[in-house]
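Quick caveat: nothing in here was measured; it's all calculated off a predicted structure. Note on naming: letters A, B, ... go to the chains in the order of the sequence lines (proteins, then strands), and numbering restarts at 1 for each one.
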There are 2 protein chains.
Amino acid sequence: MRQFVIVGHDAPTTPDFSLDDLAGAAGRLDVLCRCVNSAFFLSHSIREDVRVHLVLGDEFTVRFEGSDLRRLNPDERSTAALVRQALEHREDAIGHMPAESSPGVSIRRMGFAETLEDVADAVTDEPTLLTLHEDGDPIADVEPPEDPLFVLSDHHDFDDEERSLLAERADERVRVGPEVLHADHTITVAHNYLDTHGYTEY
Amino acid sequence: MRQFVIVGHDAPTTPDFSLDDLAGAAGRLDVLCRCVNSAFFLSHSIREDVRVHLVLGDEFTVRFEGSDLRRLNPDERSTAALVRQALEHREDAIGHMPAESSPGVSIRRMGFAETLEDVADAVTDEPTLLTLHEDGDPIADVEPPEDPLFVLSDHHDFDDEERSLLAERADERVRVGPEVLHADHTITVAHNYLDTHGYTEY
């Protein structure tokens, strides 16, 4: 399984935002929506073996589960509507129990540290934690792990607390090329790297 | 210079569409907006040496010129607003003369064949035309040309006429991996391929 944790620093934590202003009043939710798009969409299908965790303002985490997703469309607005719907169910997320808001989409009352712990310690798989960062090693030099867990930041850099947590937990710090890319583009390149690795023909 | 021609089969050819329904009534303009995003955005800047040509319904072509762009933002809605603004100037595009609608954005009364001819025959550069298609050769096997011109289709495949035109004109037909990707993801991977090619360290 491929997993992506994306830290949304300015992201909304309540559902009272307009779908007409995702890049403004909704705290750059557009960035996170494009990350969801990049993580899941193939031309004619969805990558079922993918899980995405959007950390919203260090309060909630919205999880997208590829194998269960039913209403995901590629455009930003409809993905933002799924996030808003998840936030409408935030009161149902009690303790660390998730609340499902639509097929394959659920919300948890967890910030970044708790999400990372929850994901990294999952019993069903032991993911390798890779931080995607401009100071990392070239991804081409890293043997793709079987269950990669990529951690990315939105349009802001990781803050000090996040950085020290990642320094402690991450197995690798990688970058995808000489240029510094947006988070969603980075996800696309990481997928492509995993897709093509080991192939001599395709 | 890197150039991208994206053929929008369902795209609007008049400005009377709502920015609230890009994936519906606006003929999947969301796809083309994401292509513009992928073509231009780096994390903290814009790729100035890039030109994008959006072919709208085989009637008009909206050109984005990286070195002149001033008001491009990464979200779909604001890019769609630039396209709508270009379409508001469509009556000013007479013959093959462009009409500029905002800095770096102009509209031409040209369909796919004319745009391809116009771009491929430009005197200032002699681009190598690469069609991005699922039946192409792996991009990793192709030596990156100096001035690549990538031609992609939106969510529909090329139609028969486009296909035969490309068969006649294209230097290469390439694919970016074993999976078939959305057009915007393909652009991201193509950029990354060109960015990283020849680098042993970055």
Side-chain angles (χ1 to χ4, degrees), chain A residues 18-24 26 28-31 33-34 37-45 47 73-80 134 136-141 153 155 157 175-202, chain B residues 18-24 26 28-31 33-34 37-45 47 73-80 134 136-141 153 155 157 175-202:
Chain A
S18 162
L19 298 177
D20 295 342
D21 193 18
L22 298 179
R28 295 305 310 277
L29 189 56
D30 63 313
V31 180
C33 293
R34 285 195 298 279
N37 171 314
S38 295
F40 288 111
F41 279 100
L42 291 172
S43 188
H44 305 297
S45 60
R47 293 182 189 265
N73 287 304
D75 65 298
E76 291 166 11
R77 189 184 175 92
S78 64
T79 304
E134 57 190 282
D137 299 319
I139 195 169
D141 295 349
S153 187
H155 58 298
D157 204 352
R175 67 178 297 168
V176 298
E179 302 288 358
V180 186
L181 305 183
H182 280 198
D184 58 314
H185 300 163
T186 304
I187 292 173
T188 299
V189 175
H191 264 321
N192 183 256
Y193 177 64
L194 296 170
D195 291 346
T196 54
H197 191 86
Y199 276 81
T200 51
E201 275 186 31
Y202 48 79
Chain B
S18 163
L19 298 177
D20 295 343
D21 193 18
L22 298 179
R28 296 306 310 278
L29 188 56
D30 62 315
V31 179
C33 293
R34 285 195 299 279
N37 171 315
S38 295
F40 287 111
F41 280 100
L42 291 172
S43 189
H44 305 296
S45 60
R47 293 181 188 266
N73 287 303
D75 64 297
E76 291 167 10
R77 189 185 176 92
S78 64
T79 305
E134 57 190 283
D137 299 320
I139 195 169
D141 295 349
S153 187
H155 58 298
D157 204 353
R175 66 177 299 167
V176 296
E179 303 288 357
V180 185
L181 305 183
H182 280 199
D184 57 315
H185 300 164
T186 305
I187 290 173
T188 300
V189 175
H191 265 321
N192 182 255
Y193 177 65
L194 297 169
D195 290 346
T196 54
H197 190 87
Y199 276 82
T200 51
E201 276 185 31
Y202 47 78

Toward chain B, the part of A:Leu22 with a non-hydrogen atom under 4.5 Å:
neither
Cut-off 4.5 Å, heavy atoms of chain A, and the answer for B:Asn192 is side chain
Straight-line distance of [X] [atom1] to [Y] [atom2], nearest 0.5 Å:
| X | Y | atom1 | atom2 | value |
| --- | --- | --- | --- | --- |
| B:Ser43 | A:Asp157 | OG | CG | 8.5 Å |
| A:Arg34 | B:Ser38 | CZ | OG | 9.0 Å |
| B:Glu179 | A:His191 | CD | NE2 | 9.5 Å |
| A:His182 | B:Thr188 | NE2 | OG1 | 10.5 Å |

Ignoring hydrogens, what is the shortest heavy-atom contact between B:Asp195 and A:Pro178? Give both atom names and the distance.
O-CG, 3.2 Å
How far apart are the closest heavy atoms of B:Arg28 and A:Pro74, and which atoms are they?
NH2-CG, 3.7 Å
Quiz question: by atom type and distance under 3.5 Å, do the side chains of B:Asn37 and A:His185 form a donor-acceptor pair?
yes
Which residue out of B:Asp20, B:Leu42, B:Val180 racks up the most heavy-atom pairs below 4.5 Å with chain A?
B:Asp20
Look at the side chain of A:Arg77 and the backbone N and O of B:Asp21, then say whether any donor-acceptor pair between them is shorter than 3.5 Å.
no
